Amino acid sequence: MPELPEVEVVRRGLARWVAGREIAEVEVLHPRAVRRHLPGAREFEARLSGRVISSAERRGKYLWLPVGDDSSMIAHLGMSGQLLVVPPSAPPERHLRVRLSFADGGPDLRFVDQRTFGHLMLADLVRLPPARTVPEPIWHIAPDPLEELFDDRLFARRLRAKRTEIKRALLDQSLISGVGNIYADEALWRAKLHGTREADSLTGSKTAELLAAVRDVMNEALDQGGTSFDSLYVNVNGESGYFDRSLAVYGRKDLPCSRCGTAVTREPFMNRSSYSCPRCQPRPRVRRPAGRL
DNA sequence: CCTACCACCTGTAAGC
DNA sequence: TGCTTACAGGTGGTAG
């Protein structure tokens, strides 16, 4: 579901509404929500109670709330997860999985997740060079393109070393984080690249153009409060963003490309879809078989 | 080592 | 109306 812009919208809400508050009580209502927290649900509840949330952090699609010492609560929204700030008196949501109440008696923080692909867990922070502290379970996630320390040249080098298609590479969270199916398609359209183009066939300048397109589309989406097609993708107050109105190709099968008017096509991709303009983003010639010089 | 693919879930919409 | 199928914003584990 939510990609970097939607997750960042949630992070901002958490920074505003829960940072600085002391957790009173934690209730895990569905075991799958904390399945990656190996010590178990009861330990998760006990260890968070009484802790003070100091801030709200994000890398790519991962969020975390540092709580005292060197640990933090990690949250990943998966395909349908929501973190909502609601009054304690509000009736339980249909897919409420975890509820955190606060010592100040103010609004709860609730983790609601229809498909249960999302999860929460507690983990220790590790210091990674150069100068970024992230929770240990997500050390393998690459910096995201809106982070200060994202290394454009390193990204270009690693991207062009890959023996795979460009869209697969964009979705590889250990290469560049935060990009999902929507923004991959939108960035490829902006850069006039077909997703099946081999990553190692891109020139340095085309790589830079693609990275700029990723940043542009994400920043524009952020300005609109993110993308939501339905009530599944919302900020902490349950409100949807408006970027779906600005999408050029994603979800626009048979509608005209806003650049050339050609009908957008949809192709199956990994049990999902890829959308592109057949004229602006011509499918590359089939590549020579690998190996053999 | 690297890349490709599927399982993990619930809900909605479309097709018959 | 009801049944079946396709599809939905992600990713960890594992087969090759």
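Below, all heavy atoms of this structure are taken into account, side chains as well, without hydrogens, waters or symmetry copies. Residue numbering restarts at 1 for every chain, and letters A, B, ... go by the order of the sequence lines. Model, not experiment: these values are computed from the prediction.
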Listed nucleotide nearest any side-chain atom of A/K61, set C/dT11, B/dC5, C/dC7: C/dT11
Results of side chain to side chain donor-acceptor pair (under 3.5 Å) for A/E220 - residues two or more places apart only: A/R190
Residue A/R115, side-chain heavy atoms: nucleotide from B/dT10, C/dT11, B/dC6 that is nearest: B/dT10
Residue closer to the 5' end of DNA chain B, A/N271 versus A/K162 (nearest nucleotide): A/K162
Verify stack between A/F117 ring and B/dC9 base, 5.5 Å, 30 degrees: no
Selected nucleotide, minimal atom distance to A/M79 side chain, candidates B/dC5, C/dA8, C/dT11: C/dA8
5' priority, DNA chain B, between A/R32 and A/R94 [closest heavy atom]: A/R32
Nearest heavy atoms of A/L77 and A/F111, plus distance in Å: CD2-CE1, 4.1 Å
Length of the line joining A/D172:CG and B/dC5:P, which is rounded to integer Å: 15 Å
Pair A/K167, A/S274: side-chain N/O donor-acceptor within cut-off below 3.5 Å: yes
Given B/dA4, B/dT3, C/dA8, the nucleotide with the shortest approach to the side chain of A/T164: B/dA4
Nearest-neighbour nucleotide for the A/R168 side chain, B/dA4, B/dC9, C/dT11 considered: B/dA4
Secondary-structure stems, DNA chain B, at least 3 Watson-Crick or G-U base pairs under 3.5 Å: B:2-8 with C:10-16, B:10-16 with C:2-8
Geometric class of the A/Y250/A/F229 ring pair [parallel <30°, tilted 30-60°, perpendicular >60°]: parallel
Side chains of A/Q281 and A/Y275, donor plus acceptor under 3.5 Å: no
Mutual orientation of the aromatic rings belonging to A/H76 and A/H119 [parallel < 30°, tilted 30-60°, perpendicular > 60°]: parallel
Nearest-Å distance once atom P is located in both C/dT14 and B/dC9: 16 Å
Side chain of A/R163 (C-beta onward), nearest among C/dT11, B/dT3, C/dG12: B/dT3
Carboxylate-amine/guanidinium proximity below 4.0 Å for A/D108 and A/R110: yes
Candidates C/dA8, C/dT11, B/dG11 - which lies nearest the side chain of A/R266: C/dA8
